[in-house]
Protein chains: 2
Amino acid sequence: MPTQPHHQTDPSAEVPDLDAFIGYNLKRAYILVETDFRAAMGDEGLSPRVFSALSFIVQFPNITQSELARQLGVERSGLVAIVDELEMRGFLTRALVPGDRRVQALIPTAAGRAAHGRALDKVRAHEERFFAGFTEEERQTLLALLLKTRAIAEDTGGGTE
Amino acid sequence: MPTQPHHQTDPSAEVPDLDAFIGYNLKRAYILVETDFRAAMGDEGLSPRVFSALSFIVQFPNITQSELARQLGVERSGLVAIVDELEMRGFLTRALVPGDRRVQALIPTAAGRAAHGRALDKVRAHEERFFAGFTEEERQTLLALLLKTRAIAEDTGGGTE
DNA sequence: ACCATTTCGTTAAGCTCGTAAACTGTTCAT
DNA sequence: ATGAACAGTTTACGAGCTTAACGAAATGGT
(Lines give C-alpha, C1' and ligand atoms only; values in the text may rest on other atoms or scores of the structure.)
Protein backbone atom coordinates (compact mmCIF):
# COMPACT_ATOMS: atom_id res chain seq x y z
CA MET A 1 0.00 0.00 0.00
CA PRO A 2 1.63 3.22 -1.09
CA THR A 3 1.25 6.10 1.26
CA GLN A 4 -0.86 8.83 -0.20
CA PRO A 5 -0.48 12.55 0.25
CA HIS A 6 -3.62 13.40 2.08
CA HIS A 7 -6.32 15.94 1.84
CA GLN A 8 -5.53 17.87 -1.31
CA THR A 9 -8.77 17.92 -3.25
CA ASP A 10 -7.63 16.45 -6.48
CA PRO A 11 -10.19 16.26 -9.28
CA SER A 12 -7.31 15.47 -11.57
CA ALA A 13 -7.23 13.79 -14.92
CA GLU A 14 -6.73 10.46 -13.17
CA VAL A 15 -10.38 9.83 -12.36
CA PRO A 16 -12.54 9.29 -15.42
CA ASP A 17 -16.10 10.41 -15.45
CA LEU A 18 -18.65 7.71 -14.78
CA ASP A 19 -20.42 8.92 -17.89
CA ALA A 20 -17.63 7.37 -19.93
CA PHE A 21 -18.90 3.88 -19.14
CA ILE A 22 -21.54 2.29 -21.29
CA GLY A 23 -22.81 0.10 -18.47
CA TYR A 24 -23.51 3.00 -16.17
CA ASN A 25 -25.41 4.93 -18.80
CA LEU A 26 -27.25 1.82 -19.87
CA LYS A 27 -28.57 1.47 -16.35
CA ARG A 28 -29.49 5.11 -15.93
CA ALA A 29 -31.18 5.22 -19.31
CA TYR A 30 -33.12 2.04 -18.66
CA ILE A 31 -34.43 3.28 -15.33
CA LEU A 32 -35.74 6.42 -16.99
CA VAL A 33 -37.41 4.56 -19.82
CA GLU A 34 -38.89 1.99 -17.47
CA THR A 35 -40.29 4.66 -15.16
CA ASP A 36 -41.92 6.38 -18.11
CA PHE A 37 -43.23 3.04 -19.35
CA ARG A 38 -44.95 2.34 -16.04
CA ALA A 39 -46.40 5.83 -15.89
CA ALA A 40 -47.70 5.44 -19.43
CA MET A 41 -49.36 2.12 -18.64
CA GLY A 42 -51.14 3.49 -15.60
CA ASP A 43 -51.83 1.97 -12.21
CA GLU A 44 -53.72 -1.03 -13.49
CA GLY A 45 -51.50 -1.39 -16.52
CA LEU A 46 -49.13 -4.18 -17.39
CA SER A 47 -45.61 -4.14 -16.03
CA PRO A 48 -42.77 -4.39 -18.54
CA ARG A 49 -42.21 -8.07 -17.93
CA VAL A 50 -45.89 -8.97 -18.12
CA PHE A 51 -46.30 -6.95 -21.29
CA SER A 52 -43.38 -8.67 -22.93
CA ALA A 53 -44.68 -12.08 -21.90
CA LEU A 54 -48.12 -11.30 -23.27
CA SER A 55 -46.56 -10.07 -26.50
CA PHE A 56 -44.81 -13.38 -27.01
CA ILE A 57 -47.93 -15.35 -26.22
CA VAL A 58 -50.04 -13.34 -28.64
CA GLN A 59 -47.42 -13.61 -31.32
CA PHE A 60 -46.73 -17.28 -30.72
CA PRO A 61 -49.81 -18.96 -29.34
CA ASN A 62 -49.31 -22.44 -27.87
CA ILE A 63 -45.85 -21.55 -26.69
CA THR A 64 -44.82 -23.50 -23.61
CA GLN A 65 -43.66 -21.90 -20.40
CA SER A 66 -40.17 -23.28 -20.72
CA GLU A 67 -39.83 -21.94 -24.23
CA LEU A 68 -41.23 -18.58 -23.20
CA ALA A 69 -38.82 -18.39 -20.28
CA ARG A 70 -35.98 -19.08 -22.68
CA GLN A 71 -37.15 -16.37 -25.05
CA LEU A 72 -37.53 -13.84 -22.27
CA GLY A 73 -34.23 -14.77 -20.70
CA VAL A 74 -35.66 -15.64 -17.27
CA GLU A 75 -35.85 -18.79 -15.22
CA ARG A 76 -38.84 -21.11 -15.54
CA SER A 77 -39.63 -20.59 -11.89
CA GLY A 78 -39.74 -16.86 -12.34
CA LEU A 79 -42.16 -17.12 -15.19
CA VAL A 80 -44.84 -18.81 -13.09
CA ALA A 81 -45.87 -15.57 -11.38
CA ILE A 82 -46.05 -13.78 -14.70
CA VAL A 83 -48.26 -16.44 -16.26
CA ASP A 84 -50.33 -16.55 -13.06
CA GLU A 85 -51.02 -12.85 -13.37
CA LEU A 86 -52.00 -13.12 -17.01
CA GLU A 87 -54.23 -16.06 -16.23
CA MET A 88 -55.86 -14.30 -13.28
CA ARG A 89 -56.58 -11.32 -15.51
CA GLY A 90 -58.20 -13.66 -17.98
CA PHE A 91 -55.67 -12.93 -20.70
CA LEU A 92 -54.57 -16.49 -21.30
CA THR A 93 -55.40 -20.10 -20.53
CA ARG A 94 -53.06 -22.92 -19.65
CA ALA A 95 -54.07 -25.63 -22.05
CA LEU A 96 -53.26 -29.32 -22.05
CA VAL A 97 -51.18 -30.60 -24.91
CA PRO A 98 -52.18 -34.01 -26.34
CA GLY A 99 -48.73 -35.39 -26.97
CA ASP A 100 -47.02 -34.36 -23.74
CA ARG A 101 -48.72 -34.24 -20.38
CA ARG A 102 -45.92 -32.28 -18.76
CA VAL A 103 -46.40 -29.19 -20.88
CA GLN A 104 -49.06 -26.57 -20.78
CA ALA A 105 -49.52 -24.49 -23.88
CA LEU A 106 -50.20 -20.83 -23.29
CA ILE A 107 -53.11 -19.62 -25.33
CA PRO A 108 -54.21 -15.99 -25.38
CA THR A 109 -57.90 -15.35 -24.86
CA ALA A 110 -59.85 -12.81 -26.88
CA ALA A 111 -59.60 -10.49 -23.89
CA GLY A 112 -55.88 -11.12 -23.83
CA ARG A 113 -55.46 -10.16 -27.44
CA ALA A 114 -57.57 -7.08 -26.93
CA ALA A 115 -55.61 -6.06 -23.84
CA HIS A 116 -52.40 -6.61 -25.72
CA GLY A 117 -53.61 -4.39 -28.53
CA ARG A 118 -54.44 -1.59 -26.13
CA ALA A 119 -51.16 -2.02 -24.29
CA LEU A 120 -49.30 -1.97 -27.57
CA ASP A 121 -50.81 1.40 -28.45
CA LYS A 122 -49.76 2.78 -25.09
CA VAL A 123 -46.23 1.43 -25.40
CA ARG A 124 -45.83 2.81 -28.89
CA ALA A 125 -47.11 6.21 -27.75
CA HIS A 126 -44.78 6.08 -24.76
CA GLU A 127 -41.69 5.39 -26.86
CA GLU A 128 -42.81 7.91 -29.46
CA ARG A 129 -43.14 10.61 -26.82
CA PHE A 130 -40.10 9.62 -24.82
CA PHE A 131 -37.79 9.66 -27.82
CA ALA A 132 -39.41 12.66 -29.46
CA GLY A 133 -36.10 14.48 -29.20
CA PHE A 134 -34.46 11.79 -31.33
CA THR A 135 -34.42 11.69 -35.07
CA GLU A 136 -35.72 8.56 -36.70
CA GLU A 137 -32.17 7.68 -37.63
CA GLU A 138 -30.99 8.04 -34.05
CA ARG A 139 -33.78 5.77 -32.83
CA GLN A 140 -32.87 3.13 -35.39
CA THR A 141 -29.19 3.41 -34.61
CA LEU A 142 -29.79 3.03 -30.88
CA LEU A 143 -32.03 0.06 -31.50
CA ALA A 144 -29.48 -1.58 -33.77
CA LEU A 145 -26.65 -1.08 -31.27
CA LEU A 146 -28.73 -2.51 -28.43
CA LEU A 147 -29.59 -5.52 -30.56
CA LYS A 148 -25.93 -5.94 -31.37
CA THR A 149 -25.10 -5.75 -27.68
CA ARG A 150 -27.56 -8.54 -27.04
CA ALA A 151 -26.26 -10.53 -29.97
CA ILE A 152 -22.61 -10.49 -28.93
CA ALA A 153 -23.47 -11.54 -25.39
CA GLU A 154 -26.37 -13.91 -25.81
CA ASP A 155 -24.50 -16.06 -28.31
CA THR A 156 -21.34 -16.56 -26.30
CA GLY A 157 -23.15 -18.08 -23.34
CA GLY A 158 -23.36 -14.72 -21.66
CA GLY A 159 -27.09 -15.01 -21.22
CA THR A 160 -29.22 -16.94 -18.79
CA GLU A 161 -28.82 -20.06 -20.80
CA MET B 1 -34.82 -12.25 -37.40
CA PRO B 2 -33.21 -15.67 -37.34
CA THR B 3 -34.24 -17.19 -34.05
CA GLN B 4 -37.97 -17.35 -33.62
CA PRO B 5 -39.73 -19.83 -31.44
CA HIS B 6 -40.84 -22.63 -33.67
CA HIS B 7 -44.38 -22.89 -32.52
CA GLN B 8 -46.85 -21.16 -34.68
CA THR B 9 -46.15 -18.42 -37.08
CA ASP B 10 -47.89 -15.19 -36.47
CA PRO B 11 -51.36 -15.47 -37.95
CA SER B 12 -52.45 -11.87 -37.52
CA ALA B 13 -49.38 -10.15 -38.97
CA GLU B 14 -50.44 -7.21 -36.80
CA VAL B 15 -48.19 -8.08 -33.90
CA PRO B 16 -44.81 -6.36 -34.03
CA ASP B 17 -41.73 -8.01 -32.75
CA LEU B 18 -40.74 -7.08 -29.22
CA ASP B 19 -37.28 -6.40 -30.62
CA ALA B 20 -38.70 -3.29 -32.25
CA PHE B 21 -38.97 -1.54 -28.88
CA ILE B 22 -36.04 0.35 -27.49
CA GLY B 23 -37.15 -0.17 -23.90
CA TYR B 24 -37.21 -3.94 -24.18
CA ASN B 25 -33.77 -4.10 -25.72
CA LEU B 26 -32.44 -1.60 -23.23
CA LYS B 27 -33.45 -3.91 -20.44
CA ARG B 28 -32.11 -7.06 -22.05
CA ALA B 29 -28.83 -5.37 -22.92
CA TYR B 30 -28.43 -3.94 -19.44
CA ILE B 31 -28.98 -7.28 -17.76
CA LEU B 32 -26.25 -8.82 -19.91
CA VAL B 33 -23.78 -6.04 -19.24
CA GLU B 34 -24.54 -6.03 -15.54
CA THR B 35 -24.09 -9.79 -15.27
CA ASP B 36 -20.72 -9.52 -16.98
CA PHE B 37 -19.80 -6.60 -14.74
CA ARG B 38 -20.46 -8.64 -11.60
CA ALA B 39 -18.55 -11.60 -12.95
CA ALA B 40 -15.62 -9.34 -13.81
CA MET B 41 -15.56 -7.82 -10.32
CA GLY B 42 -15.51 -11.19 -8.62
CA ASP B 43 -17.21 -12.44 -5.50
CA GLU B 44 -15.72 -9.87 -3.17
CA GLY B 45 -15.89 -7.13 -5.75
CA LEU B 46 -17.94 -3.98 -5.77
CA SER B 47 -21.48 -4.06 -7.07
CA PRO B 48 -22.39 -1.59 -9.81
CA ARG B 49 -24.06 0.83 -7.45
CA VAL B 50 -21.26 0.73 -4.89
CA PHE B 51 -18.66 1.21 -7.60
CA SER B 52 -20.49 4.22 -9.00
CA ALA B 53 -20.85 5.73 -5.53
CA LEU B 54 -17.17 5.23 -4.81
CA SER B 55 -16.30 6.79 -8.15
CA PHE B 56 -18.22 9.92 -7.28
CA ILE B 57 -16.68 10.12 -3.84
CA VAL B 58 -13.16 9.74 -5.19
CA GLN B 59 -13.80 12.29 -7.89
CA PHE B 60 -15.58 14.71 -5.59
CA PRO B 61 -14.30 14.31 -2.05
CA ASN B 62 -16.36 16.00 0.66
CA ILE B 63 -19.55 15.41 -1.26
CA THR B 64 -22.58 15.08 1.02
CA GLN B 65 -24.91 12.11 0.98
CA SER B 66 -27.84 14.14 -0.26
CA GLU B 67 -25.81 15.51 -3.12
CA LEU B 68 -24.47 12.08 -3.96
CA ALA B 69 -27.96 10.63 -3.92
CA ARG B 70 -29.04 13.35 -6.32
CA GLN B 71 -26.11 12.62 -8.62
CA LEU B 72 -26.76 8.90 -8.59
CA GLY B 73 -30.49 9.32 -9.02
CA VAL B 74 -31.49 7.40 -5.91
CA GLU B 75 -33.29 8.31 -2.69
CA ARG B 76 -31.30 9.51 0.30
CA SER B 77 -32.56 6.57 2.33
CA GLY B 78 -31.31 4.16 -0.27
CA LEU B 79 -27.86 5.63 -0.21
CA VAL B 80 -27.33 4.83 3.46
CA ALA B 81 -26.68 1.15 2.84
CA ILE B 82 -24.23 1.98 0.07
CA VAL B 83 -22.26 4.39 2.23
CA ASP B 84 -22.44 1.91 5.12
CA GLU B 85 -20.81 -0.73 2.97
CA LEU B 86 -18.06 1.61 1.80
CA GLU B 87 -17.44 2.71 5.36
CA MET B 88 -17.37 -0.85 6.67
CA ARG B 89 -14.83 -1.75 4.01
CA GLY B 90 -12.73 1.17 5.14
CA PHE B 91 -13.02 2.98 1.83
CA LEU B 92 -14.44 6.24 3.20
CA THR B 93 -15.10 8.15 6.37
CA ARG B 94 -18.14 10.16 7.32
CA ALA B 95 -16.64 13.45 8.40
CA LEU B 96 -18.20 16.30 10.34
CA VAL B 97 -18.54 19.57 8.54
CA PRO B 98 -17.76 22.71 10.59
CA GLY B 99 -20.53 24.93 9.30
CA ASP B 100 -23.45 22.50 9.33
CA ARG B 101 -23.96 19.77 11.87
CA ARG B 102 -26.61 18.04 9.77
CA VAL B 103 -24.27 17.14 6.99
CA GLN B 104 -21.58 14.52 6.83
CA ALA B 105 -18.95 14.89 4.16
CA LEU B 106 -17.87 11.67 2.49
CA ILE B 107 -14.10 11.44 2.30
CA PRO B 108 -12.33 8.58 0.55
CA THR B 109 -9.55 6.90 2.49
CA ALA B 110 -6.26 5.92 0.92
CA ALA B 111 -7.55 2.35 0.83
CA GLY B 112 -10.69 3.65 -0.84
CA ARG B 113 -8.75 5.39 -3.56
CA ALA B 114 -6.62 2.31 -4.08
CA ALA B 115 -9.66 0.03 -4.25
CA HIS B 116 -11.27 2.40 -6.67
CA GLY B 117 -8.21 2.32 -8.88
CA ARG B 118 -8.21 -1.46 -8.96
CA ALA B 119 -11.94 -1.58 -9.58
CA LEU B 120 -11.55 0.93 -12.36
CA ASP B 121 -9.06 -1.31 -14.11
CA LYS B 122 -11.45 -4.23 -13.86
CA VAL B 123 -14.40 -2.22 -15.16
CA ARG B 124 -12.40 -0.91 -18.07
CA ALA B 125 -11.24 -4.41 -18.92
CA HIS B 126 -14.79 -5.70 -18.62
CA GLU B 127 -16.21 -3.13 -21.02
CA GLU B 128 -13.27 -3.56 -23.35
CA ARG B 129 -13.84 -7.29 -23.52
CA PHE B 130 -17.61 -7.15 -23.56
CA PHE B 131 -17.75 -4.70 -26.45
CA ALA B 132 -14.83 -6.22 -28.30
CA GLY B 133 -17.16 -6.94 -31.22
CA PHE B 134 -17.91 -3.25 -31.54
CA THR B 135 -15.86 -0.77 -33.45
CA GLU B 136 -14.66 2.25 -31.54
CA GLU B 137 -17.15 4.34 -33.46
CA GLU B 138 -20.01 2.05 -32.49
CA ARG B 139 -19.04 2.28 -28.85
CA GLN B 140 -18.93 6.05 -29.00
CA THR B 141 -22.23 6.23 -30.84
CA LEU B 142 -23.95 3.97 -28.32
CA LEU B 143 -22.52 6.01 -25.47
CA ALA B 144 -23.66 9.26 -27.04
CA LEU B 145 -27.18 7.97 -27.65
CA LEU B 146 -27.47 6.70 -24.09
CA LEU B 147 -26.31 10.05 -22.78
CA LYS B 148 -28.84 11.76 -24.99
CA THR B 149 -31.54 9.44 -23.67
CA ARG B 150 -30.63 10.47 -20.15
CA ALA B 151 -30.48 14.13 -21.15
CA ILE B 152 -33.94 14.30 -22.69
CA ALA B 153 -35.50 12.58 -19.69
CA GLU B 154 -33.53 13.92 -16.76
CA ASP B 155 -34.11 17.52 -17.77
CA THR B 156 -37.85 17.37 -18.17
CA GLY B 157 -38.44 16.21 -14.62
CA GLY B 158 -38.33 12.62 -15.71
CA GLY B 159 -35.59 11.81 -13.26
CA THR B 160 -35.62 11.49 -9.50
CA GLU B 161 -35.22 15.21 -9.11
C1' DA C 1 -38.51 -53.83 -20.46
C1' DC C 2 -35.78 -51.43 -17.11
C1' DC C 3 -33.53 -47.81 -14.91
C1' DA C 4 -31.16 -43.45 -15.10
C1' DT C 5 -31.55 -39.08 -16.92
C1' DT C 6 -33.87 -35.24 -18.42
C1' DT C 7 -37.65 -32.09 -18.82
C1' DC C 8 -41.85 -29.39 -17.25
C1' DG C 9 -44.25 -26.79 -14.12
C1' DT C 10 -44.29 -25.51 -9.51
C1' DT C 11 -43.25 -24.11 -4.62
C1' DA C 12 -40.36 -22.20 -1.12
C1' DA C 13 -36.75 -19.51 0.54
C1' DG C 14 -33.81 -15.89 -0.10
C1' DC C 15 -31.26 -12.03 -2.23
C1' DT C 16 -30.65 -7.31 -4.22
C1' DC C 17 -32.14 -3.10 -5.31
C1' DG C 18 -35.14 0.27 -4.69
C1' DT C 19 -39.07 3.22 -2.71
C1' DA C 20 -42.16 5.56 0.86
C1' DA C 21 -43.12 7.07 5.38
C1' DA C 22 -41.88 8.47 9.71
C1' DC C 23 -38.52 10.23 13.07
C1' DT C 24 -34.48 13.02 15.07
C1' DG C 25 -31.59 16.63 14.90
C1' DT C 26 -30.22 20.89 12.73
C1' DT C 27 -30.65 25.15 10.15
C1' DC C 28 -33.10 28.94 8.20
C1' DA C 29 -36.59 32.57 7.42
C1' DT C 30 -39.52 35.77 9.19
C1' DA D 1 -39.66 32.19 18.79
C1' DT D 2 -41.84 29.43 15.78
C1' DG D 3 -42.74 27.03 11.58
C1' DA D 4 -40.79 25.26 7.43
C1' DA D 5 -37.16 22.96 5.16
C1' DC D 6 -33.31 19.91 5.09
C1' DA D 7 -29.75 15.91 6.29
C1' DG D 8 -29.32 11.44 7.66
C1' DT D 9 -31.39 7.42 9.37
C1' DT D 10 -34.59 3.43 10.43
C1' DT D 11 -38.29 0.58 9.30
C1' DA D 12 -41.40 -1.65 6.38
C1' DC D 13 -42.30 -3.14 2.11
C1' DG D 14 -42.52 -4.39 -2.84
C1' DA D 15 -40.76 -5.82 -7.30
C1' DG D 16 -37.99 -8.84 -9.66
C1' DC D 17 -35.10 -12.29 -9.89
C1' DT D 18 -32.33 -16.69 -8.52
C1' DT D 19 -31.34 -21.30 -6.57
C1' DA D 20 -32.78 -25.69 -4.75
C1' DA D 21 -35.89 -29.09 -4.34
C1' DC D 22 -39.93 -31.70 -5.68
C1' DG D 23 -43.57 -34.76 -8.27
C1' DA D 24 -45.08 -36.03 -12.57
C1' DA D 25 -44.08 -37.30 -17.10
C1' DA D 26 -41.15 -38.30 -21.05
C1' DT D 27 -36.85 -40.16 -23.02
C1' DG D 28 -32.68 -42.82 -23.99
C1' DG D 29 -29.36 -46.44 -23.47
C1' DT D 30 -28.59 -51.12 -22.84
Measure from the side-chain heavy atoms of [X] and tell me the nearest of [options].
| X | options | result |
| --- | --- | --- |
| A/E75 | D/dT10, D/dT18, D/dG8 | D/dT18 |
| B/S77 | C/dG9, C/dA20, D/dG8 | C/dA20 |
| B/R76 | C/dC8, C/dA12, D/dA7 | D/dA7 |

With no hydrogens and no angle check, is any side-chain donor or acceptor of [X] less than 3.5 Å from a backbone partner on [Y]?
| X | Y | answer |
| --- | --- | --- |
| A/Q65 | A/R76 | no |
| B/E127 | A/G23 | yes |
| A/T109 | A/G90 | yes |
| B/R38 | B/S47 | no |

Do any N or O atoms of the protein come closer than 3.5 Å to N or O atoms of nucleotides 25-28 of chain D, and which pairs are they?
unit_1	atom_1	unit_2	atom_2	d
D/dA26	OP1	A/R101	N	2.7
D/dA26	OP2	A/R101	NH2	3.4

Identify each atom pair where a protein N or O and an N or O of nucleotides 13-16 of chain D are less than 3.5 Å apart, giving names and distance.
unit_1	atom_1	unit_2	atom_2	d
D/dG16	OP1	A/R38	NH1	3.3
D/dG16	OP1	A/R38	NH2	2.6
D/dG16	OP2	A/R49	NE	3.4

Those residues at least two apart in sequence (or on a different chain) that pass side-chain contact (heavy atoms from CB on, under 4.5 Å) with B/Y24 are A/S52, A/F56, A/L72, A/R150, B/L18, B/D19, B/F21, B/R28
Checking A/Q140 now: which residues fulfil side-chain contact (heavy atoms from CB on, under 4.5 Å) with it, not counting sequence neighbours? A/E136, A/L143
With DNA chain C as reference, determine whether A/Q65 or A/I31 sits nearer its 5' end, using the nearest nucleotide of each. A/Q65
Parallel, tilted or perpendicular for B/H116 and B/F51, by the 30°/60° rule? parallel
Measure the distance from CG on B/L72 to P on C/dC17 and round it to the nearest whole Å. 13 Å
Nearest whole Å is fine: how far is D/dA7 C1' from B/E67 CD? 13 Å
What ring pair (Phe, Tyr, Trp, His ring centres under 6.0 Å) pairs are there with at least one residue in residues 66-108 of chain B, not counting sequence neighbours? none
Can you tell whether the side chains of [X] and [Y] come within less than 4.0 Å, N to carboxylate O?
| X | Y | result |
| --- | --- | --- |
| B/R89 | B/E85 | yes |
| B/R94 | B/E87 | yes |
| A/K148 | B/E138 | yes |

Positions of residues 89-96 of chain B (non-hydrogen atom under 4.0 Å from DNA chain C), listed by number: none
